[in-house]
Protein chains: 2
Amino acid sequence: MAADMEAARPLRADAERNRRRLIDAAAEAFAERGLDVSVAEIAKRAGVGQGTAFRHFPTKERLVAEIVRDRLTGLAAFGRELLEDSRREDPLLDFMRSLIELQVQDRGLAEGVGSSVLADPAVREAHLELLRTIELLVARGQEAGNVRTDISAVDVIVLTKGVAAASDPLCVVKPRIWRRYLDLVRDALRPESARPLSGRPPTRAELERGLAEHH
Amino acid sequence: MAADMEAARPLRADAERNRRRLIDAAAEAFAERGLDVSVAEIAKRAGVGQGTAFRHFPTKERLVAEIVRDRLTGLAAFGRELLEDSRREDPLLDFMRSLIELQVQDRGLAEGVGSSVLADPAVREAHLELLRTIELLVARGQEAGNVRTDISAVDVIVLTKGVAAASDPLCVVKPRIWRRYLDLVRDALRPESARPLSGRPPTRAELERGLAEHH
DNA sequence: ACCTGAACACCGTTCAAGT
DNA sequence: ACCTGAACACCGTTCAAGT
């Protein structure tokens, strides 16, 4: 799961332990109650002083970034697994299902992607890795004739985010409603239904820039 | 635009003036910078003390609610205009365009719908009015053969919210990108592309309940 | 009746003092 | 090196004192 770029100098034993506790406590709290749980409460849950929290993560956003990065990396890895599993009929659709399911279950992740955490370099790198994986899945789907050819990986990310965001309020009362809207997206992506789309498709760079500048 | 249920007892002249100034200042500030502009700043922009702001709107949420209600009422009225204009080929699609465009232009509105302001009774009433208008538009579209028959007005609201939310980050760099995703939704809604959707469709009551309980 | 700014509780963030 | 809680600026909200 955790893909640290550089091991850097190892932390002192207690610091390392505190860091892990903070990440675990934050991941849990954010998933359950969204990103507006206070750092003070996360520190308390982790059993450390709140000063310690800000020593490890100089800003709350960096703490969020750490956790979002973990999730994105995990998703990219899962996407590559799907690509290697040759028995799957429609790996792209399976992947979109997982993307949405994770956003629906993890409120913090849903609030995190599309927030300014995407400006964080480590998060951007993980996001790019995810995009590249989706590009492979889209290409595969297009070769198999499952997916219209005027659709890109950026579109897939945008669409899954849309399904998750749109389903969000209804999910409290109908937890599986997102499947309905994923089904509609599936219908929209089939080659038979393709009619010309207006404007030029968004590029990878435009998405990255948009996410980073957003706010 | 403003559809006050009961005129009640009229306010003192200065109070009425302050109320209007607060609403105008808030509408402008929320549209530009989203819902997290402080009440203090809105009061300052309106030229009143911040105590006055809380006298007119006992909570920040009520101030937001007032503005969201105005927008929803305006949208419902516009929808009915579309229904009466017999020259339009696809009034539902035209209406979805306006729904999305407004959410993209007005950050406060986008953040407001789907937040807990929908718990406010006056907002719920305006929202219900909007839903009923969309139901007429959907029925019209289905009669004309433009729209698949397993789609409801609730779906339309959910989908437009999804398009607006998904396009949001990209809009900074490509302001018209939402048209692309509306085009995809248009393709998904055409009867020819219809394949069975999983689960039962969400009802009006479920949407209302979801929006109100959300948070 | 309505207006106002000072006061309160809570948040993110900083830092002097400890080990 | 790292930990800690008290301190600061800012937010939403309340309220005693004014007109």
Side-chain angles (χ1 to χ4, degrees), chain A residues 6-26 29-30 32-68 107-108 111-112 115-117 119-120 215, chain B residues 7-27 29-30 32-68 107-108 111-112 115-117 119-120 215:
Chain A
E6 331 132 26
R9 37 110 190 78
L11 294 171
R12 218 169 65 179
D14 57 344
E16 177 59 40
R17 189 171 39 90
N18 284 342
R19 196 186 135 86
R20 263 263 68 84
R21 283 189 183 172
L22 278 165
I23 290 184
D24 292 343
F30 289 152
E32 284 168 15
R33 291 171 31 204
L35 296 183
D36 47 3
V37 270
S38 69
V39 175
E41 186 182 327
I42 290 170
K44 186 177 288 180
R45 280 211 209 188
V48 306
Q50 73 177 303
T52 306
F54 282 98
R55 157 162 265 271
H56 283 276
F57 306 95
T59 165
K60 182 181 182 182
E61 197 165 301
R62 286 283 290 271
L63 176 54
V64 174
E66 189 65 29
I67 289 158
V68 170
R107 257 183 78 181
E111 291 174 18
S115 84
S116 39
V117 269
D120 183 288
H215 280 216
Chain B
R9 36 111 191 75
L11 294 171
R12 219 169 66 178
D14 57 345
E16 176 60 39
R17 189 172 39 90
N18 284 341
R19 197 187 134 85
R20 262 263 67 83
R21 283 188 182 172
L22 279 165
I23 290 183
D24 292 343
F30 289 152
E32 284 169 15
R33 290 171 31 205
L35 297 182
D36 46 3
V37 271
S38 70
V39 175
E41 186 182 330
I42 290 169
K44 186 177 288 179
R45 280 211 209 189
V48 305
Q50 72 178 305
T52 306
F54 282 97
R55 157 163 266 270
H56 283 277
F57 306 96
T59 163
K60 183 181 182 181
E61 196 165 302
R62 287 283 291 272
L63 177 54
V64 174
E66 188 65 28
I67 288 158
V68 170
R107 256 183 79 181
E111 292 174 18
S115 84
S116 39
V117 269
D120 184 286
H215 282 215

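Sequence lines set the chain letters: A, B, ... in the order given, protein chains first and strands last, and positions in each chain run from 1.
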Subject >> Sugar-phosphate or base contact per nucleotide [nucleotides 5-19 of chain C; S, B, -; heavy atom under 4.0 Å] >> reply: B-----SSBB-----
**OP:** Sequence neighbours left out, what passes side chain to side chain donor-acceptor pair (under 3.5 Å) with A/R33? Give chain and number order.
**Re:** A/E41
**OP:** May I have the distance from A/E16 (atom CD) to D/dC3 (atom P), rounded to whole angstrom?
**Re:** 11 Å
**OP:** Kindly indicate whether the side chain of B/T59, heavy atoms from C-beta on, has any atom under 4.5 Å from the side chain of B/F54.
**Re:** no
**OP:** Kindly write out the residues that satisfy side chain to side chain contact (heavy atoms under 4.5 Å, CB included) with B/F57, not counting sequence neighbours, or none if the list is empty.
**Re:** B/R19, B/L22, B/I23, B/R62, B/L63, B/E66
**OP:** Given side-chain contact (heavy atoms from CB on, under 4.5 Å), test A/E16 with A/R12 step by step and report yes or no.
**Re:** CA-CA 6 Å; A/E16 177 59 40; A/R12 218 169 65 179; over 6 Å; no
Subject >> Under the side chain to side chain contact (heavy atoms under 4.5 Å, CB included) test, residues paired with B/A119 that sit two or more places apart >> reply: B/A212
**OP:** Can you tell me the distance, in whole Å, between the CG atom of B/N18 and the C1' atom of C/dA1?
**Re:** 12 Å
Subject >> Short side-chain N/O contact to D/dC3 OP1/OP2 from A/H56, under 4.0 Å >> reply: yes
Original post:
What is the distance, rounded to the nearest whole Å, between atom CG of B/L22 and atom C1' of C/dC2?
Top reply: 13 Å
Subject >> Dot-bracket line, read 5' to 3' along DNA chain C, where crossing pairs take [ ] and | marks a partner on another strand, Watson-Crick or G-U under 3.5 Å >> reply: ||.|||||...|||||.||
Subject >> B/A46 to B/R21 - nearest heavy-atom pair and separation >> reply: O-CD, 3.4 Å
**OP:** Just jot down the side chain to side chain contact (heavy atoms under 4.5 Å, CB included) partners of B/D24, sequence neighbours excluded, or say none.
**Re:** B/R20
Subject >> Whether B/E111 side chain and B/L35 backbone form a donor-acceptor pair below 3.5 Å >> reply: yes
Original post:
What's the CZ-C1' distance between A/R19 and D/dA1, to the nearest Å?
Top reply: 16 Å
